Amino acid sequence: MNERIIIAVDIDYFFAQCEEVRRPEIQGKPVVICVYSGRTELSGVVSTSNYVARALGVESGIPISAAKRRLSNTDAVFLSVDQEYYKLVSDRIMGAVHSFSEYFEQVSIDEAFLDVTNATHRDYESAIEIGRKIKDQIKDLEKLTCSVGIARNKLLAKMAADSQKPDGLSVLHPDEISVFLDPLPIGKLPGVGPKTEKRMKELGIETISTLAHFDPGILADEFGRNLGPQLARLAQGLDDEPVREREPEQFSRIVTLKRDATSFNFENELRSMTGDISRRLRSSNSKCKVVGIIVITTNLKTKHRARTLDVSIDSEQEIFAVTSELFKSYFESENSKTQARRVGIRVSNLVSSERQESVSNLSEFF
Ligand code: DCP
Ligand code: CA
Ligand code: CA
């Protein structure tokens with residue numbers, strides 16, 4: 001028997017919710033996160049928006065000018081994306097979610113899957129328990145809501161999570177799958193983008209049920225020999241993709257200072273962060289080539305400095321040496337104009353320390 005239980009976690013209106021948390025005064029207003037192209041003052045697109053703005057027709061992908069028009073009579077807040085900040089929040093959340101199962105896969109900045117088949121002994125009630133705990137923990141840690149879906153594979157878990165947003169917990173028992181899937185419009189099927197959707201509608205395919213039973217030959221002709229049959233399988237709720245651990249690309253830590261700083265006077269905090277990062281590198285058998293610092297100022301600007309090293313490192317002392325220098329030169333260059341409220345460090349360009357060793361062993365051998 002290879003029946004699995006998969007949990008999907010997706011943070012609600014992620015970038016916009018991050019901003020609501022760090023700027024509580026904007027809660028309740030329409031919040032629009034913008035990617036400004038810089039060409040003219042208003043050119044660019046909406047990255048995401050909160051649910052207040054969505055109810056007024058403002059969602060991902062529309063031009064900022066259209067969003068401004070639709071929200072012209074409201075107290076809407078337009079903010080520029082701060083990708084670095086969302087990444088820090090995401091790293092902390094993903095760390096917490098990962099702790100619920102060793103079978104963990106992060107698929108995007110705000111989304112992850114867990115395989116809890118063994119942990120739950122294939123019992124949905126105990127999977128729901130884990131789902132609740134994950135939601136509670138993300139709420140406690142970051143004050144963010146997320147939506148959780150539980151089902152027999154990644155596809156259905158994701159669709160279940162999407163079906164109850166925001167702050168949902170949706171379970172799809174194996175015997176409920178076709179009742180759930182069949183009536184849904186094909187646009188709800190992951191993998192069916194706007195172009196595919198349009199062509200399917202021209203072929204008379206409106207619902208997932210129609211797609212599931214459609215002539216496989218025609219689907220192959222229309223959408224390709226691989227994609228066509230694949231879409232039909234998805235429409236039947238079939239998906240064998242395993243939850244696949246991906247190598248982390250970076251590690252970061254950030255702390256709020258007890259007192260806002262205008263110089264490097266937080267050696268203890270830095271030691272604790274470098275110790276933590278060094279342990280994380282070693283436990284994943286990695287070393288880093290790039291070491292950076294993060295400063296979040298009292299007026300919520302996120303600043304970065306990073307150094308690329310000649311030799312990759314993983315020790316606490318080495319990481320401390322580089323980051324303390326970066327902090328010193330940061331505060332010198334800033335001329336103490338801005339105050340730091342939160343400070344962090346980040347290591348990236350990770351390389352496997354095992355591979356390095358074996359390479360050096362080999363070169364010794366030759
Ligand atoms: N994103 C983006 N541009 C897009 C889609 C998404 O910049 N076209 C960014 C902003 C989102 C984040 O990625 O906050 C996560 O994307 P989601 O699709 O999960 O959307 P949200 O989390 O914003 O909303 P939802 O509550 O629907 O999950
Ligand atoms: Ca999301
Ligand atoms: Ca997502």
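We number each residue from 1, following the sequence as shown. Whatever order the structure lists ligands and atoms in, that order sets their numbers, starting from 1. Source: prediction; values computed, not measured.
Remark: ligand 1 and K165 share an N or O pair separated by less than 3.5 Å (distance only, no angle test). Polar contact check, F15 against ligand 1: a nitrogen or oxygen pair lies under 3.5 Å apart. At a 3.5 angstrom cut-off on N or O pairs, G61 does not count as close to ligand 1. Taking only nitrogen or oxygen atoms, main chain and side chain alike, D110 reaches within less than 3.5 Å of ligand 1.
Using a 3.5 Å distance cut-off with no hydrogens or angles, the side chains of D91 and S252 do pair a donor with an acceptor. In summary, the side chains of S286 and D314 do not present any donor paired with an acceptor at a separation below 3.5 Å, with no hydrogens or angles considered. Side chains of E318 and S315: a donor on one and an acceptor on the other come within 3.5 Å.
At least one protein heavy atom sits closer than 4.0 Å to atom 28 (O) of ligand 1.
Checked options K165, K135, Q17, K139; the residue passing with T145 is Q17 (criterion: side-chain hydrogen bond (donor to acceptor under 3.5 Å, both in side chains)).
The nearest heavy-atom contact from the protein to atom 2 (C) of ligand 1 is S47 O, 3.3 Å. With hydrogens left out, the protein atom closest to atom 22 (O) of ligand 1 is F14 N, 2.9 Å, a heavy atom. In terms of protein heavy atoms, atom 5 (C) of ligand 1 is closest to S60 OG, 3.9 Å.
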Mind listing the side-chain donor-acceptor pairs of residues 110-119 below 3.5 Å, one per line with the distance, residues two or more places apart or on another chain?
residue, atom, partner, partner atom, Å
D110, OD1, S108, OG, 3.3
E111, OE2, K158, NZ, 3.2
D115, OD1, T117, N, 2.9
D115, OD1, T117, OG1, 2.4
T117, OG1, I5, N, 3.2

Only pairs under 3.5 Å count here: list side-chain donor-acceptor contacts from residues 18-26, not counting sequence neighbours, and write none if there are none.
residue, atom, partner, partner atom, Å
E19, OE1, R22, NE, 3.0
E19, OE1, R22, NH2, 3.4
E19, OE1, R23, NE, 2.9
E19, OE1, R23, NH2, 3.4
E19, OE2, R22, NH2, 3.1
E19, OE2, Y86, OH, 2.6
E20, OE1, Y13, OH, 2.8
E20, OE2, N50, ND2, 2.9
R22, NH2, D82, OD2, 2.9

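At a threshold of 4.5 Å between non-hydrogen side-chain atoms, the residues R307 and V291 do not count as touching.
Salt bridge annotation for R92-E142: present, with a cationic side-chain nitrogen under 4.0 angstrom from a carboxylate oxygen. Between E197 and K201 there is a salt bridge, since at least one side-chain N of the basic residue sits less than 4.0 Å from a carboxylate O of the acidic one.
Within ligand 1, the atoms closer than 4.0 Å to a non-hydrogen atom of R54 are 21 (P), 23 (O), 24 (O), 25 (P), 26 (O), 27 (O), numbered from 1 in the order shown. Taking a cut-off of under 4.0 Å to the non-hydrogen atoms of Y13, the atoms of ligand 1 that pass are 21 (P), 22 (O), 23 (O), 24 (O), 25 (P), 26 (O). For ligand 1, the atoms closer than 4.0 angstrom to any heavy atom of T48 are 10 (C), 11 (C), 14 (O), 21 (P), 23 (O).
Applying the side chain to side chain donor-acceptor pair (under 3.5 Å) test to E245 and every residue at least two apart in sequence or in another chain returns H98.
Using a 4.0 Å heavy-atom cutoff, Y51 is listed among the residues neighbouring ligand 1.
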Assess whether side-chain hydrogen bond (donor to acceptor under 3.5 Å, both in side chains) is satisfied between R305 and S333, documenting all intermediate values. CA-CA 11 Å; R305 299 278 191 280; S333 70; 3.3 Å; yes
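Residue-level proximity to ligand 1 for I11 is carried by the backbone, the only part with a heavy atom below 4.0 angstrom.
Under the 30°/60° scheme for interplanar angles, the aromatic rings of F264 and F327 are found to lie parallel.
For the Ca ion (ligand 3), the count of nearby protein N, O or S atoms, meaning those under 3.0 Å away, is 3.
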